[in-house]
Structures are given as structure tokens and as C-alpha cells.
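Contents: one structure, followed by commentary.
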Amino acid sequence: MNRIFSGVQPTGNLHLGNYLGAIRNWVRLQNDFDCIFCVVDLHAITTWQDPAALRHSTREVAAAMIAAGVDPNRNIIFHQSANPSHAELAWVFNCVARMGWLNRMTQFKEKAGKNRENASVGLFAYPNLMAADILAYKATHVPVGEDQRQHLELTRDIAQKFNHDFGVEFFPIVEPLIQGEATRVMSLRDGSKKMSKSDPSDMSRINMTDEADAIAQKIRRAKTDPEALPGPGVLEGEAKAELEAARPEAVNLLRLYSSLTDKSLADTLAEFEGAQFSHFKQVLTDVAVAVLGPIGAEMKRLTDDPGHVDGVLAKGAERAREITEPILKEVWDIVGFLRTRG
Ligand code: TYM
């Protein structure tokens with residue numbers, strides 16, 4: 001059976017990258033897979049979170065999934081801390097994964113910055129918990145943005161090493177699903193930086209809850225260059241890499257438009273060849289508002305009704321535990337733990 005697991009951290013400011021890189025793809029995959037979507041609050045606390053803000057963001061991420069079209073009856077939506085299997089399996093994986101593997105994780109290096117000695121142990125072991133999230137369900141496919149590719153390679157390594165060390169064919173080797181034109185949405189202020197929840201400048205990202213005026217202002221002020229837009233010829237041969245290097249902000253906006261309208265980058269370039277940014281930005285604003293407006297409004301309606309969201313999360317957690325408990329029992333047997341707990 002093909003099963004999807006994916007997650008989002010409740011660390012505030014869900015943005016267009018989270019939507020186009022992940023959540024929108026989940027909505028499209030829900031018809032073909034058995035899907036489990038998680039608000040990863042255990043991951044969130046690898047850097048300090050204000051407790052009240054964490055509670056709010058946990059509900060808001062669940063609301064975003066529902067507002068974007070993930071059906072909570074057909075799929076499981078829950079928060080990570082409500083299923084102890086994640087933390088339990090993560091401990092086993094702490095003992096399977098090697099320090100050298102984790103030392104290579106670029107996200108840890110970026111997040112820990114220069115002061116590695118002061119980073120939490122949780123931040124270092126973060127990818128092991130992520131592997132546990134996925135493998136506790138024996139998920140086979142993981143739809144994410146490009147920035148998670150390395151973590152999924154580690155998940156594959158952990159599954160392989162566990163299977164090898166214990167001489168079993170137990171954990172599946174997961175396939176990343178990194179799909180569409182917006183797998184790595186960049187900051188609106190700096191085309192070399194990823195659009196991120198934690199960027200101190202709100203002008204760098206379009207939040208899923210931004211009103212039309214804010215979206216218009218952010219796109220109007222987005223960094224561009226003085227050249228007119230190129231035509232589809234730039235996608236041929238080395239020209240594409242040259243364009244991405246020379247005009248990263250322009251390419252980012254073109255990719256955003258392609259993704260929002262479900263067109264290929266080539267079709268978008270053909271549509272806007274020779275146009276000025278002022279015109280293109282207006283059209284981009286209109287499509288961004290048309291897509292995000294209804295989702296943002298529904299997110300606000302849902303977060304104003306925390307009882308409903310909590311109900312969805314509670315039901316989801318119960319179903320999540322039903323899947324992982326028997327899998328973890330098998331893991332305990334494989335590892336050699338006594339099963340006196342039942
Ligand atoms: P997080 O919360 O940073 O992001 C959630 C999802 O959004 C994608 N994403 C982006 N996609 C395109 N452009 C961007 N600028 C951008 N920023 C974020 C991410 O790739 C992700 O798919 N470690 C994960 C959460 C996680 C997880 C998991 C994911 C925990 N356990 C198990 C999959 C499976 C994270 O921090 O995502």
C-alpha cells in the first residue's frame with residue numbers, strides 16, 4: 001500500500017512557499033494515497049517557542065491544511081505530540097543514525113549558525129525525529145519542498161541501516177515527492193534566500209493569511225531588475241542556469257506565477273516575453289489574491305473556532321496512534337525490548 005506522510009512546523013507565518021511547495025500538492029495527492037498530515041510541534045521546540053504562540057500556530061497550521069482543501073475525514077490531520085510513537089521511535093533512530101550523517105545536514109548548519117555549541121541537542125537530532133515521523137507509519141512517499149530533500153535521504157539511510165543491522169526487511173525506503181514549478185520559493189527581497197517563516201522581514205514573504213492589500217504591496221515592492229522579461233528561448237541549454245544566476249528574483253516571480261496558474265515556466269515566458277515588471281507584477285498580484293484570498297479567509301474562520309480544529313486534531317491523533325502502535329510493537333520485538341507493556 002502506498003502511504004503519504006508529511007508535516008509542517010507550527011512556528012508562525014505560513015507562507016506561499018509552504019503552500020505551493022507542500023500543502024497544495026497534498027490536496028492533489030489525497031485522492032490517490034492514504035495520507036497522514038502532521039503539525040510537527042515536537043520539531044518546533046528545537047528552537048525556543050513562546051508556549052501561547054505555539055498553541056495558536058498549531059491550530060493555525062491545522063486550519064491551513066483544512067482551508068487549502070485537505071479533507072480531514074478522508075485523511076489524518078493531527079499534531080505530533082499527541083502520538084508518543086514519534087518520540088519513542090526517534091530514540092531508536094538516535095541510536096541507528098551516525099553523528100557523521102547528522103553533521104552533514106545543511107539545515108542544521110544554517111539554523112545553528114556560527115554558535116553550534118549553543119544549539120539544542122534536539123536541533124541536531126531533528127532529522128532522526130523526522131525519519132521517525134515517516135517510518136512510524138511505514139509511509140512510502142513524502143511530498144515536500146526541495147529544502148527537505150537531504151532530510152529524506154537521511155530517512156532512507158536510517159531505514160536501510162536499521163533493516164541491515166537487524167537483518168530484516170521492515171522499514172520501506174521512502175520516495176520524496178518534490179513536484180511543480182515552486183519547489184523552492186525564494187524571498188521577495190533576496191533571490192538567493194529561501195522564503196522562510198523565520199525571516200525577520202515580513203516583506204520577504206507572502207503569508208497565507210495576508211489580505212489583498214498586503215499581497216499587492218509585497219509584490220509591488222519585490223526586488224526585480226530593470227530588464228524586460230525574457231522569452232522561452234532562455235530555457236534552452238546553459239542559458240537557463242545563466243538566467244537563474246543573473247536574475248534570481250525575476251525567475252522566482254516567474255515560477256510563482258507558473259505555479260499559481262498551473263502553467264509551465266516555458267508557457268509563462270511565452271506569455272510575458274518582452275513585458276515590463278510593472279505589468280507582470282499586477283497580473284501576478286491578481287492571481288495570488290485569487291488563490292490565497294479564500295484560503296486565508298477560511299483559515300481565519302477556522303482559527304476563530306478552536307473547538308472545531310481541536311476536534312479534528314483529536315480524532316486524527318486517535319487514528320494516527322492506531323496505525324503506529326502495532327508497528328512500534330514490531331520494532332520493540334526486532335530490537336529486543338521485552339513486551340511487558342502489552
Ligand atoms: P517546514 O515547516 O519548514 O515547511 C513545511 C513544508 O513547506 C516546504 N517549504 C517550501 N517549499 C518551497 N519553497 C519554500 N520556500 C519552502 N519553505 C518551506 C517544506 O519543504 C515542507 O515540505 N522538517 C519539515 C517538517 C517535517 C516533515 C516531517 C516533513 C517534520 N517531519 C516528515 C515531511 C515528513 C519542516 O521543517 O518543514
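Read the numbers this way: they start at 1 and go in the same order the structure lists the ligands and their atoms. When reading the values below, keep in mind they use all heavy atoms of this one structure, side chains included, and skip hydrogens, waters and symmetry mates.
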List, pair by pair, the atoms of ligand 1 and of the protein that are both N or O and lie under 3.5 Å apart, giving the separation rounded to 0.1 Å.
{"from": "ligand 1", "atom 1": "2 (O)", "to": "Gln9", "atom 2": "N", "distance (Å)": "2.8"}
{"from": "ligand 1", "atom 1": "2 (O)", "to": "Lys197", "atom 2": "NZ", "distance (Å)": "2.6"}
{"from": "ligand 1", "atom 1": "4 (O)", "to": "Asn18", "atom 2": "ND2", "distance (Å)": "3.3"}
{"from": "ligand 1", "atom 1": "7 (O)", "to": "Asn18", "atom 2": "ND2", "distance (Å)": "3.1"}
{"from": "ligand 1", "atom 1": "11 (N)", "to": "Gly17", "atom 2": "O", "distance (Å)": "3.2"}
{"from": "ligand 1", "atom 1": "13 (N)", "to": "Val185", "atom 2": "N", "distance (Å)": "2.8"}
{"from": "ligand 1", "atom 1": "15 (N)", "to": "Val185", "atom 2": "O", "distance (Å)": "2.8"}
{"from": "ligand 1", "atom 1": "15 (N)", "to": "Met195", "atom 2": "O", "distance (Å)": "3.0"}
{"from": "ligand 1", "atom 1": "20 (O)", "to": "Gly145", "atom 2": "N", "distance (Å)": "2.8"}
{"from": "ligand 1", "atom 1": "20 (O)", "to": "Asp147", "atom 2": "OD1", "distance (Å)": "2.4"}
{"from": "ligand 1", "atom 1": "22 (O)", "to": "Gly145", "atom 2": "N", "distance (Å)": "3.2"}
{"from": "ligand 1", "atom 1": "23 (N)", "to": "Tyr126", "atom 2": "OH", "distance (Å)": "2.7"}
{"from": "ligand 1", "atom 1": "23 (N)", "to": "Gln148", "atom 2": "OE1", "distance (Å)": "3.0"}
{"from": "ligand 1", "atom 1": "31 (N)", "to": "Asp133", "atom 2": "OD2", "distance (Å)": "2.6"}
{"from": "ligand 1", "atom 1": "36 (O)", "to": "Gln9", "atom 2": "NE2", "distance (Å)": "2.9"}
{"from": "ligand 1", "atom 1": "36 (O)", "to": "Tyr126", "atom 2": "OH", "distance (Å)": "2.7"}

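Using a 4.0 Å cut-off between charged nitrogen and carboxylate oxygen, Glu146 and Arg149 count as a salt-bridge pair. Ion pairing of Arg55 with Asp41 is absent here, as no side-chain N (NZ or NE/NH1/NH2) approaches a carboxylate O to less than 4.0 Å. Lys194 and Asp147 are joined by a salt bridge, as a carboxylate oxygen and a charged side-chain nitrogen come within less than 4.0 angstrom of each other. For the pair Arg319 and Glu322, the salt-bridge criterion is not met [side-chain N within less than 4.0 Å of a carboxylate O].
A distance of 11.0 Å separates CD in Gln9 from CD1 in Ile45, rounded to the nearest 0.5 Å.
Residues passing the side-chain hydrogen bond (donor to acceptor under 3.5 Å, both in side chains) test with Lys197, sequence neighbours excluded: none.
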